[in-house]
2 protein chains.
Amino acid sequence: MPTAATETASNAKARPTLRDVAMLAGVSPKTVSRVVNGEAGVSAPKTAAVQRAIAQLDYRPNFTASSLRRSSGRSAAIAAVLEDLANPFSAALHRAIEDAARDRGVLIFAGSVDENPERERELVRAFTMRQADALVVVPASDDQSYLANEVSTGTPVVFVDRPPVGLPVDAVLTDNHDGAAAAVHHLVRHGHRDIAYLGDLRNIPTARQRFQGFKEALSDHGIRPSTAAIVHDLHTERASEEAVRRLLSAGSPPTALFTAQNLVTVGAIRALQQLGRQHEVALVGFDDFPLADLLQPAVTVVAQDPSEMGRVAASLIFRRLDGEQWRPTTHLVASRLIPRGSGEITGPHRG
Amino acid sequence: MPTAATETASNAKARPTLRDVAMLAGVSPKTVSRVVNGEAGVSAPKTAAVQRAIAQLDYRPNFTASSLRRSSGRSAAIAAVLEDLANPFSAALHRAIEDAARDRGVLIFAGSVDENPERERELVRAFTMRQADALVVVPASDDQSYLANEVSTGTPVVFVDRPPVGLPVDAVLTDNHDGAAAAVHHLVRHGHRDIAYLGDLRNIPTARQRFQGFKEALSDHGIRPSTAAIVHDLHTERASEEAVRRLLSAGSPPTALFTAQNLVTVGAIRALQQLGRQHEVALVGFDDFPLADLLQPAVTVVAQDPSEMGRVAASLIFRRLDGEQWRPTTHLVASRLIPRGSGEITGPHRG
DNA sequence: CTGAAAGCGCTAACAG
DNA sequence: CTGTTAGCGCTTTCAG
């Protein structure tokens with residue numbers, strides 16, 4: 001019978017401790033510790049006795065307690081502060097980080113911020129209080145200087161998708177500007193000059209960068225976008241759907257749409273289908289999404305690579321945890337235009 | 001300057017401890033503890049002094065250490081052993097659990113099993129070693145008796161999507177059998193008798209239940225399925241795509257398809273589109289997916305409700321953590337047939 | 001090769 | 001109201 005003490009509630013048995021194993025095996029706690037941690041220098045018979053006791057008690061070391069005492073202090077867990085666990089971008093990022101962590105026996109804490117700056121701080125606080133060894137952050141707030149102490153304490157921090165503000169740390173970003181510009185060039189090449197911009201909340205840095213790329217690419221072609229065809233702050237499918245419906249019902253509607261975010265793209269498709277104009281109005285969306293290739297027309301997108309971003313972020317984290325040092329660096333992950341049909345609908349200015 | 005000791009590596013400063021706060025505030029550690037935990041009975045001036053010291057040092061309690069000592073032993077973290085963090089079902093489940101946990105200040109550890117039984121055990125082990133307060137498990141192995149000690153030790157465990165084997169614990173399952181039967185009835189009502197079954201790996205319980213529902217519903221209509229039209233063990237889009245292509249190219253092809261899983265459904269759609277027969281061959285898929293309503297034809301599905309499953313699972317967990325007791329129970333979450341077009345394509349046996 | 005003593009950061013259980 | 005002592009489960013340090 002294990003530690004007779006701590007009979008917490010009802011009829012719950014206590015979990016066996018290292019001491020219980022030691023007593024059952026007739027050795028000292030330290031010897032059990034050595035066996036558990038695979039340290040050399042324990043005689044064969046004692047090793048066997050310890051292993052037998054471990055099996056008999058179904059003993060599992062308390063990792064939390066050991067990392068409290070261990071000199072490294074590492075908890076072998078890292079934290080991911082994501083936008084929304086349920087959206088495909090966050091999910092792919094999460095999965096890529098998990099895969100990298102798995103090889104090292106590291107576990108992941110993850111949480112959703114939902115574009116809420118307070119929630120970002122709460123999550124970071126909760127994760128650091130639980131001794132996460134490192135932080136991957138997709139920020140929602142506009143200032144992360146509150147993390148300075150964390151960083152100077154030696155916790156690796158990497159920002160993903162959006163740059164850190166007021167905090168010199170590594171970042172892994174999509175090439176938003178150039179990706180958006182590529183979308184515009186593509187549409188212009190297919191004969192469009194009246195291209196609408198439909199974008200996410202302007203306080204999101206990626207949205208600003210994409211809009212910047214859009215504007216500059218147009219101006220490269222000597223086109224001044226009509227302000228009527230620029231709609232910002234679309235953060236739901238529904239908002240986007242309505243904006244597109246309005247846009248296409250107005251006088252002199254655009255012949256092409258550039259939708260700067262996932263949900264915005266889907267909302268636009270919905271509107272186009274309702275109006276029955278999905279084969280007339282060209283569309284290029286930023287960020288790929290599942291089944292984009294199965295729609296009719298299939299949807300041309302500027303694809304990001306969240307898995308690659310996760311891999312890069314994880315690699316930066318683990319290299320820092322391994323003691324490598326370097327000046328904080330921003331890593332751009334290329335986006336890729338995937339022509340599928342909707343972006344190749346030709347406009348009136350061909351040739 | 002905080003604890004001058006433990007100058008771990010390079011130039012990393014040490015994180016301030018409760019002792020550091022106590023010294024700076026000129027009080028005992030216990031007083032700091034009281035302030036941090038909001039215990040009543042500390043004089044206003046000392047409270048203020050402590051708070052000032054906390055702010056000055058940017059002190060954050062070490063939750064790991066406190067839960068080691070705390071009588072409850074709770075880590076305020078629960079674990080989710082999921083199929084694949086990146087798939088929409090797992091992601092929705094994860095998110096629902098997170099939302100329920102957030103209200104209580106509980107964090108989530110999550111990991112992907114990828115249908116690998118060993119990985120299931122590894123994850124459970126890793127999570128329990130880190131003192132997760134409870135476990136939500138979507139199992140991949142065919143025996144979970146290894147969790148018996150965990151359960152008897154008082155850790156709440158809930159299975160989701162698939163029942164536990166050899167372990168009496170709560171489960172939250174979709175009504176797979178009836179959902180599949182509903183799909184078949186729907187197709188028969190629309191004039192189909194030659195209905196193909198395309199399903200996932202037979203070692204997955206949900207796949208078996210859906211097949212069972214399929215068979216029984218057919219037999220309710222006096223239909224004996226042709227063995228040629230039953231394809232099991234499809235676990236990727238590609239496998240499904242090829243199976244459907246083969247099926248529709250053979251002699252006497254089915255007039256309707258029942259695809260018993262997400263990826264299988266998408267693979268089938270891909271095949272139908274390639275053959276240009278998506279408007280002739282009826283299709284009902286098990287499990288909803290994003291954009292199903294935007295395809296042409298829009299895809300009729302038997303929708304599961306992963307969010308609801310997550311909510312129920314979380315509620316069971318937290319009620320048990322709060323001390324409620326009951327005999328392990330299975331909760332069925334209803335599925336819902338959503339007619340969208342593909343399932344209403346009529347077959348030859350109408351009227 | 002093995003164990004005893006000390007202590008990681010914090011709180012329980014007392015005493016004042 | 002406040003502090004002291006002990007100890008959570010484990011590992012470090014150091015003595016045998």
Side-chain angles (χ1 to χ4, degrees), chain A residues 2-8 14-50 53-54 57 59-76 128-131 153, chain B residues 2-8 14-50 53-54 57 59-76 128-131 153:
Chain A
T3 34
T6 5
E7 204 77 350
T8 319
R15 217 180 288 262
T17 70
L18 184 143
R19 272 183 57 121
D20 298 318
V21 175
M23 277 159 53
L24 182 62
V27 300
S28 79
K30 177 69 227 192
T31 297
V32 177
S33 172
R34 282 194 255 257
V35 171
V36 165
N37 294 299
E39 284 173 40
V42 181
S43 68
K46 294 217 167 178
T47 303
V50 167
I54 287 176
L57 296 175
Y59 168 74
R60 280 183 308 304
N62 181 332
F63 200 90
T64 274
S66 84
S67 80
L68 177 62
R69 189 66 182 84
R70 209 183 289 273
S71 54
S72 79
R74 297 269 172 86
S75 64
T128 54
M129 280 177 54
R130 256 153 273 223
Q131 313 305 112
T153 242
Chain B
T3 37
T6 5
E7 203 78 351
T8 319
R15 216 181 289 261
T17 72
L18 183 143
R19 273 184 57 123
D20 297 319
V21 175
M23 278 161 50
L24 182 61
V27 300
S28 80
K30 177 71 224 191
T31 298
V32 177
S33 172
R34 282 194 255 258
V35 172
V36 165
N37 294 299
E39 283 173 42
V42 180
S43 69
K46 294 219 168 179
T47 303
V50 168
I54 287 176
L57 296 176
Y59 168 73
R60 279 182 308 305
N62 181 332
F63 200 90
T64 273
S66 86
S67 78
L68 178 62
R69 189 65 181 86
R70 209 183 288 272
S71 55
S72 78
R74 297 271 171 84
S75 64
T128 55
M129 281 178 53
R130 257 152 271 222
Q131 313 305 112
T153 243

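Labels below follow one simple rule: chain letters A, B, ... track the order of the sequence lines, proteins then strands, and each chain is numbered from 1.
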Atom CG of A:L68 and atom C1' of C:dC10: how far apart are they, to the nearest Å?
8 Å

Select base, sugar-phosphate, or nothing to describe what A:P61 touches, counting heavy atoms under 4.0 Å on all strands.
sugar-phosphate

Roughly, in whole Å, what's the span from CZ in A:R15 to P in D:dC8?
16 Å

Between the two ends of the helix from C:dC1-D:dG16 to C:dG16-D:dC1, what is the bend in degrees, rounded to 10 degrees, where each end axis spans five pairs?
40°

Spacing of A:R15 atom CZ and A:D20 atom CG [to the nearest 0.5 Å]:
12.5 Å

When A:S33 is tested against each of A:V36, A:T31, A:N37 for side-chain contact (heavy atoms from CB on, under 4.5 Å), which residue passes?
A:N37

Can you tell me if the side-chain N/O atoms of A:S66 get under 4.0 Å from OP1 or OP2 in D:dC10?
no

Here the distance between atom P of C:dG9 and atom CZ of B:R60, to the nearest Å, is 14 Å

Rounded off to whole Å, could you give me the CG-to-P distance for the B:D20 and C:dC8 pair?
11 Å

Where along residues 34-49 of chain B does a heavy atom fall under 4.0 Å from DNA chain C?
B:N37

So, does B:Y59 get its side chain near the phosphate of C:dC10, meaning an N or O under 4.0 Å from OP1 or OP2?
yes

Does A:E39 reach the side chain of A:K30, with side-chain heavy atoms less than 4.5 Å apart?
yes

Euclidean distance, atom CZ of residue A:F63 to atom P of D:dC10 [Å, nearest integer]:
12 Å

For a quick test of reading the model: is some side-chain N or O of B:S33 closer than 4.0 Å to OP1 or OP2 of C:dC10?
no

A:L57 has an atom CG; how far is it from atom C1' of D:dG9, in whole Å?
15 Å

Close side-chain approach of A:T128 and A:T153, heavy atoms under 4.5 Å:
no

Closest heavy-atom contact between A:P16 and A:Y59?
O-CD1, 3.4 Å

Whole-Å distance, B:L18 CG to D:dG3 P, equals 12 Å

Under 3.5 Å, side chain of B:S75 to main-chain N/O of B:Q131, donor-acceptor pair present?
yes

Applying salt bridge (Lys or Arg N to Asp or Glu O under 4.0 Å), which residue pairs with at least one partner in residues 59-75 of chain B are found, sequence neighbours left out?
A:E150-B:R60, B:D58-B:R60

When rounded to the nearest 0.5 angstrom, what is the spacing between OG in B:S66 and CG in B:L18?
10.0 Å

Separation of C:dC10 P from B:R69 CZ (nearest whole Å)
14 Å

Assign each of B:K30 and B:A65 the nucleotide of DNA chain C bearing its closest heavy atom; nearer the 5' end lies the nucleotide of B:A65

Derivation of the side-chain contact (heavy atoms from CB on, under 4.5 Å) call for B:N62 and B:T17
CA-CA 8 Å; B:N62 181 332; B:T17 72; over 6 Å; no

Mapping B:R70 and B:V27 to their closest nucleotides on DNA chain D, which lands nearer the 5' end?
B:V27

